[in-house]
Amino acid sequence: MSSHGPAIPMTARRGGPLRGSAEVPGDKSISHRALIFGALAVGETRIEGLLEGQDVLDTAAAMRAFGAEVTRHGPGHWSVHGVGVGGFAEPEAVIDCGNSGTGVRLIMGAMATTPITATFTGDASLNSRPMGRVTDPLALFGARAFGRSGGRLPMTVIGAADPVPVRYTLPVASAQVKSAVLLAGLNAPGQTVVIEPEPTRDHTERMLRGFGAEVAVEDTSEGRVITLTGQPELRPQAVAVPRDPSSAAFPACAALMVPGSDVRIPGVSQNPTRNGLYLTLRDMGADIAFENPHEEGGEPVADLRLRHGGALRGIEVPPDRAASMIDEYPVLAALAGSAEGTTVMRGIGELRVKESDRIDAMARGLEACGVRVEETRDSLTVHGCGGDGVPGGATVESRLDHRIAMSFLCLGLVARDPVTVDDAGPIATSFPVFEALMRDLGADIRRDG
Ligand code: S3P
């Protein structure tokens, strides 16, 4: 999907407390991977709880284009008949990954060591994002890529006919790059090694093991060293996708901002490479309980309970937590706008190359809502309005970025005057039921017109 039709302006207004249970959708990272690993296994993988957001639907379509049989049986219930490692067919048409950086980067990795050619494109947001971070390591395997200036999509990748294994140290903390290299390593002989100086989300490693690949992980002075033994036969799996902690962040932060709120969010992944926001919220004084901890599909999960207990305190977010909450900074910045005191977020330069430049998008939107901010190349400081309340009364640009749209709609629930986002359409990429779910909790969020 390279565009999503007419803009959908949406407005959030201050109202009563948020109460009830919020069943947020399945984890986006795990959903992409379940489809891709299913396509690389021999036989039928069954998936429960798949996120049916546009990003994941685009990956499902891509897996069909590479020859896998992908079937929807009911809400969140899908199956994938895979073609095996090295079994991808050459797609007949251009692969459109829509808005999804994860989709395109992982799929490029998955096809890069098979002798086929594929051309990738996306929407205006995706086509402006850097792909060199993936095509550089894929070239070491013998793959070639031809894109637009700056290593941007549309781009054609020619997979290596005689791939060689690779040892690669990640220059940026990126699970997408790590995963692309590991996926490429699947069809290379010998051992492919990825070294990550800072740990990033580890769903690929967990899932590779679940599908029967040999993956060794060692923490060393260089960082985390991940060694994959190539050319395994992946065995199909039953995958239960836990609920997405990055989507849960929106009702969670809204509950912590709106007085009188008490919200439960069941079955949310608490993978330690993803839970930095929840540690940070606790450091800010939030009342969060993690109930019923258990394991689901190889991932730790818990039921979250969030109760509003007064204004939160601004803090310095530890920069070494950045990778474990990289997608949560926009909503944290919104919450920081309503907190007491100053919140400083450092070491977040990666936010400049997400679906939008999220440092700039949050800074401009918060200023428009009457919040004082300062930014550098890789930091954002938000001076909370505390007891005076966030003025609001602005229309903010969502910039084809689902998380910017949802962050400002959450802020609108506590601002003195309504907050409008110019286009809430992108929310469908990751959280298609956001509007209904928030309204069920009692939030006043409505489409305009
Ligand atoms: C993702 C990794 C992160 C994250 C993205 C999903 C993944 O990106 O921002 O939403 O599923 O691997 P980077 O790894 O590029 O930081």
Side-chain angles (χ1 to χ4, degrees), residues 25-37 50-51 53-56 58-59 97-110 122 125-126 128-137 151 168 170-184 194 196-208 224 226 239 241-242 244-250 269 271 273-277 299 319-332 347-359 361 378 400-404 406-407 426-427 429-431:
D27 188 82
K28 182 151 71 74
S29 292
I30 297 175
S31 294
H32 282 295
R33 287 164 174 77
L35 292 168
I36 296 169
F37 284 116
L50 189 86
L51 165 65
Q54 190 59 45
D55 279 9
V56 175
D58 289 335
T59 289
C97 290
N99 191 248
S100 182
T102 306
V104 74
R105 291 180 176 135
L106 268 56
I107 296 166
M108 281 181 175
S125 156
L126 187 58
S128 70
R129 296 178 66 185
M131 295 299 141
R133 54 177 54 200
V134 178
T135 54
D136 288 351
Y168 190 69
L170 296 181
V172 284
S174 168
Q176 294 175 356
V177 178
K178 169 177 68 176
S179 302
V181 175
L182 291 172
L183 281 159
V194 184
E196 49 176 5
E198 283 173 65
T200 64
R201 65 191 68 195
D202 62 358
H203 308 300
T204 297
E205 297 90 303
R206 286 173 188 253
M207 215 176 260
L208 274 169
R224 191 165 277 186
I226 304 153
V239 181
V241 182
D244 196 324
S246 301
S247 296
F250 297 101
S269 165
N271 181 314
T273 60
R274 296 285 299 280
N275 69 353
L277 173 74
E299 295 272 332
D320 61 2
R321 226 178 247 172
S324 69
M325 52 182 289
I326 196 69
D327 291 337
E328 283 66 80
Y329 282 98
V331 71
L332 177 66
I348 57 171
E350 273 294 295
L351 293 195
R352 297 216 181 262
V353 290
K354 294 294 179 187
E355 285 83 329
S356 68
D357 174 344
R358 287 181 170 161
I359 295 180
D378 67 350
L400 282 178
D401 189 331
H402 53 135
R403 298 198 207 282
I404 299 300
M406 290 187 278
S407 298
I427 293 173
T429 61
S430 71
F431 199 162

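Quick note: residue numbers are just sequence positions, from 1. For ligands, and for the atoms within them, numbers begin at 1 and follow the listed sequence.
- The only member of Arg33, Arg224, Lys178 that meets salt bridge (charged side-chain N to carboxylate O under 4.0 Å, His left out) when paired with Glu205 is Lys178.
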(request) Evaluate side chain to side chain contact (heavy atoms under 4.5 Å, CB included) for Tyr329 paired with Ile359, printing each intermediate quantity in order. (result) CA-CA 9 Å; Tyr329 282 98; Ile359 295 180; over 6 Å; no
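- Around ligand 1 you find Ser29, Arg33, Thr102, Ala173, Ser174, Ala175, Gln176, Arg201, Ile326, Asp327, Lys354, each with a heavy-atom distance below 4.0 Å.
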(request) Assess whether side-chain hydrogen bond (donor to acceptor under 3.5 Å, both in side chains) is satisfied between Thr429 and Gln54, documenting all intermediate values. (result) CA-CA 4 Å; Thr429 61; Gln54 190 59 45; over 6 Å; no
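- Between the side chain of Arg352 and the main chain of Asp357, no donor-acceptor pair closer than 3.5 Å is present.
- Using a 4.0 Å cut-off between a side-chain N of Lys or Arg and a carboxylate O of Asp or Glu, Arg274 and Asp244 qualify as a salt bridge.
- Take Ser247 and apply the side chain to side chain donor-acceptor pair (under 3.5 Å) test, not counting sequence neighbours, and it matches no residue.
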